[in-house]
Number of protein chains: 2
Amino acid sequence: MPRLELNKSLHVPETWGYQQRLRRAGHRITPQREQILELLHCSGKRQSATELCAQTRGMNPATVYRNLAFLVQVKLLNAIEIEGELFYELNNPNAPHHHLICRRCGREQEISAHVAAGFLAELQRTYGFQAEPNHWVIYGVCEACGGQSA
Amino acid sequence: MPRLELNKSLHVPETWGYQQRLRRAGHRITPQREQILELLHCSGKRQSATELCAQTRGMNPATVYRNLAFLVQVKLLNAIEIEGELFYELNNPNAPHHHLICRRCGREQEISAHVAAGFLAELQRTYGFQAEPNHWVIYGVCEACGGQSA
DNA sequence: CGCAGTATTGCAATAATTTGCAATAAGAGG
DNA sequence: CCTCTTATTGCAAATTATTGCAATACTGCG
């Protein structure tokens, strides 16, 4: 089995600085970790562990699972729960975003940075709590589906 | 194996109205479902699927998993993600609560209804979105651990 | 209270996830 | 560049989670 090579035409923008983030914390950069980040970056969507396992090339499932847990811990990924299932997505600290998901039509609406910031500031003011700018998912009913009356 | 019996000295307060909620939606009340609710109610804490499986008496794991998914869907339970793992807790619509969890000391701080309501109102105002009053978990750094400087 | 209809359960087979351990390779230092 | 150290990987076994299907038992109704 051909051994995986580091930095072989990956498509994870290094502007993101994931390499620095790993190295500074004393962790290693491996082709396996890069492949996971690449898959999530290129697909541009949340994926479950199982989905990721199916897409990796020449990589053991155990490694996928271990790295997902690892990458969540070091905050390169977010783990988010949707309808009782876990999904993973890149965590870009420079562009945190939060979603409203409608239970009826399933549409996702992004919460503007301004609105989120107001709440974050309130948490800071009231509790002295500095919330991480990661990804929230809030369920409810959107305007079109009757958000007022629900 | 002794067959499970319905309503045999359960400790889930019926003030909660879970029976009505199930029946009105056309779902059945079974000893298995009640046992899961009871375990969560009596322990008073979030539990993972695995933990719940280990505690059930005379009940097949498949049933536990299927019912957890079911109870989340009908909103009698909340599924929440903590450190990449899924946990279940009772969803009491009359007492929604939201938590701040500190990454450093692990302490959990409840967000007051007032603060949460402000944000919910903002979502309603800005997006016409009626958020469900279920359970959020927000990570960050608490005041004692240096929330200001982090 | 008993019966019919159908959701729900248990069981067994399958798939997904985790774990221990030996082998490998990233990164530091010569 | 080579060597050393140790984090990380792959493999295989063990555990946990899911699925199909026949059997069971909630509920509504007579």
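These numbers come from a predicted model, not from an experiment. Here is how names work: the chains are called A, B, and so on, in the same order as the sequence lines, proteins then strands, and each is numbered from 1.
Among residues at least two apart or in separate chains, ring-ring contact (aromatic ring centres under 6.0 Å, His included) pairs with a member in residues 68-88 of chain A are A:H27-A:F70. Pairs passing the salt bridge (Lys or Arg N to Asp or Glu O under 4.0 Å) check and including a residue from residues 118-136 of chain A, sequence neighbours excluded, read A:K75-A:E132, A:E122-A:R125, A:E132-B:R103.
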> A:Q73 and B:E83: side-chain hydrogen bond (donor to acceptor under 3.5 Å, both in side chains), yes or no, with the steps?
Replying inline: CA-CA 7 Å; A:Q73 191 167 35; B:E83 303 287 345; 5.9 Å; no
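For the salt bridge (charged side-chain N to carboxylate O under 4.0 Å, His left out) test, residues two or more places apart in sequence or in another chain that qualify with A:E108 are A:R46. With sequence neighbours left out, the side chain to side chain donor-acceptor pair (under 3.5 Å) criterion links B:N67 to B:R33. In this structure, the ring-ring contact (aromatic ring centres under 6.0 Å, His included) partners of A:H135, at least two apart in sequence or on a different chain, are A:H97, A:H99.
If you take CD of A:Q19 and C1' of C:dA26, they are 13 Å apart, rounded to a whole angstrom. Between B:L68 atom CG and C:dT8 atom P there is a gap of 14 Å when expressed in whole angstrom units. The distance from atom CD of B:Q73 to atom C1' of C:dT8 is 15 Å, rounded to the nearest whole Å. The distance from atom CG of B:L71 to atom P of C:dT8 is 10 Å, rounded to the nearest whole Å. A:N60 places its CG atom 13 Å from the P atom of C:dT18, with the value rounded to the nearest Å. As a whole-Å value, the separation of B:L22 CG from D:dG28 P is 12 Å. Rounded to whole Å, the distance from CD on A:E51 to C1' on C:dA15 is 15 Å. Look at CD1 on B:I29: it is 11 Å from P on C:dT8, rounded to the nearest Å.
Side-chain atoms of B:E85 do not come within 3.5 Å of backbone N or O of B:E81 as any donor-acceptor pair.
Under 4.0 angstrom from either OP1 or OP2 of D:dA25 there lies no side-chain N or O belonging to B:T30. When the side-chain nitrogen and oxygen atoms of B:Q32 are compared with OP1 and OP2 of D:dC26, none of them lie within a distance under 4.0 Å.
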Atom pairs under 3.5 Å, N or O on each side, protein against nucleotides 2-7 of chain D: can you list them with distances?
| from | atom 1 | to | atom 2 | distance (Å) |
| --- | --- | --- | --- | --- |
| D:dT6 | O2 | A:R28 | NH2 | 3.2 |
| D:dA7 | O4' | A:R28 | NH2 | 3.4 |
| D:dA7 | N3 | A:R28 | NH1 | 3.1 |

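Taking every side-chain heavy atom of B:R66 into account, D:dC21 is the closest of C:dT18, D:dC21, D:dT9.
Summary of the strand contacts: B:T63 and A:A49 both lie near DNA chain C, and taking for each the nucleotide with the nearest heavy atom, the more 5' one is attributed to B:T63.
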